[in-house]
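What follows is a single structure, written as structure tokens, with notes after it.
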There are 2 protein chains.
Amino acid sequence: MSEALHILKRHQLSNTDSRRTVLEVFLQSESALAHQDIERETGERFDRVTIYRTLQTFIDKGIVHTIPTADNGTKYALCRENCSEGHHHDNHVHFICDVCGKTSCLDDVAIPSVRLPEGFSVTKIDMVVNGICVECR
Amino acid sequence: MSEALHILKRHQLSNTDSRRTVLEVFLQSESALAHQDIERETGERFDRVTIYRTLQTFIDKGIVHTIPTADNGTKYALCRENCSEGHHHDNHVHFICDVCGKTSCLDDVAIPSVRLPEGFSVTKIDMVVNGICVECR
DNA sequence: AGTTAATTGCAACTCCGTTGCATTTTAACT
DNA sequence: AGTTAAAATGCAACGGAGTTGCAATTAACT
Ligand SMILES: [Mn+2]
Ligand SMILES: [Mn+2]
Ligand SMILES: [Zn+2]
Ligand SMILES: [Zn+2]
């Protein structure tokens, strides 16, 4: 059974053309993908709305997570850690290359802890680093 | 001379109604502001476009900086550090309260350094913390 | 006050994402 | 395999955020 199918099964999602295809695109991609990238990579076979809904489903199930980009766009990437329905616990830094524009999960780079002023509590931390990636230097 | 006027002078910006008023709104606000907040706080006296352009001017001059929000919106806040034309060097953590929704600059909380994999260089780091603020706990 | 350049308001437009609804597809059950 | 109910899809329409071109207005300087 294909990896994509396996993931769908594991999250009790029905095996539809768009879900399988979108998942395969993610599995083959090394960097995070924008909605447009997915439209293109799937050969424009699916309606924009279907892709939006597919992505939302994947987020809800903990299959992908979103990454905020500098220009207020969203990119999507597979969750490597064990995210579950309704709860993501990605704790890694995201990197955006100023040259090639690729957005990547630095899965091995944990977000450092930070000491907040008295009385503030933390539920979530996002850390996005811009710079030049190893391939573009 | 008012603080707002002083800031405009210092950055060689002409003293216009909208710029002065928008600056005053920032000076009186404790938290970061969305475009809509500014429209409202200025009493709908200015065209949306004028406010967008005013904000862009302030960003260019290093008077305000932007803060990415979880829902891909943008908030704006005064630069406290000495940002200059074309170069911001804000190095502080931003905090978004899950309860009151207020976004604030934690000017005293520096973004911790982070060790990236070999070959990656850094030009900019954003750190956005969600949680509950001191007033809402 | 008069001149010139910068700023503003308005209308139109693009881009991203969402919603309602009719049609199609999936999965479960004879 | 055929039937059926629920889920997923495509399409059209909509809404909000931000941008652009252009004519009218305003600020700065003499
Ligand atoms: Mn990631
Ligand atoms: Mn700030
Ligand atoms: Zn790169
Ligand atoms: Zn709060």
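Throughout, protein chains are lettered first and strands after them, A, B, ... in sequence-line order, and every chain is numbered starting at 1.
Under the 3.5 Å distance criterion, with hydrogens and angles disregarded, a donor-acceptor pair is assigned to the side chains of A/R19 and A/S14.
Out of D/dA12, D/dG18, C/dT8, the shortest distance to the side chain of B/T74 is found at D/dG18. Each of D/dG18, C/dG17, C/dT8 was ranked by its minimum atom distance to the side chain of B/Y52; first place goes to D/dG18. Nearest to the side chain of A/S14, among D/dA12, C/dA27, C/dG9, sits C/dA27. Comparing D/dA8, C/dC16, D/dT9 by their nearest atom to the side chain of A/Q36 picks out C/dC16. Which of D/dA12, C/dG17, C/dT26 sits closest to the side chain of A/H35 comes down to C/dG17. In this structure, the nucleotide among D/dA13, C/dT8, C/dA11 sitting nearest to the side chain of A/R48 is D/dA13.
Atom-to-atom, CD of A/Q56 to P of C/dT18 comes out at 7 Å; the value is rounded to the nearest Å. Spacing between atom CZ of A/R45 and atom P of D/dA8 amounts to 18 Å, rounded to whole angstrom units. Per the geometry, CZ belonging to A/F46 stands 16 Å off C1' belonging to D/dC11, to the nearest Å. Between B/D47 atom CG and D/dC22 atom P the separation is 18 Å, expressed in whole Å. Rounded to an integer number of Å, the gap from CG of B/N72 to C1' of C/dC16 is 10 Å. Between the P atom of C/dA6 and the CD atom of B/Q12 lies a distance of 13 Å, rounded to the nearest Å. Note: CZ (B/R20) to P (C/dT7) measures 14 Å, nearest angstrom. The interatomic distance linking B/I38 (CD1) with D/dA17 (C1') rounds to 14 Å, in whole Å.
B/N15 comes within 4.0 angstrom of sugar-phosphate atoms only, judged by non-hydrogen atoms across all strands, and of no base. Residue-level contact check: B/R53 touches the bases, meaning some heavy atom is under 4.0 Å from a base atom.
Contact annotation: A/T16 does not reach the phosphate of C/dT26 (side-chain N/O to OP1 or OP2, under 4.0 Å). Within the structure, a side-chain polar atom (N or O) of A/S18 is placed less than 4.0 Å from OP1 or OP2 of D/dT9.
The number of heavy-atom neighbours closer than 6.0 Å to CD of A/E44, taken from other residues, nucleotides and ligands shown, is above 12.
Among A/K75, A/R80, A/H94, the one residue that satisfies the side-chain contact (heavy atoms from CB on, under 4.5 Å) test with A/H65 is A/H94.
Comparing the helix axis at one end of the helix from C/dA1-D/dT30 to C/dC15-D/dG16 with that at the other, each defined from 5 consecutive pairs, gives an inter-axis angle of 30° (nearest 10°).
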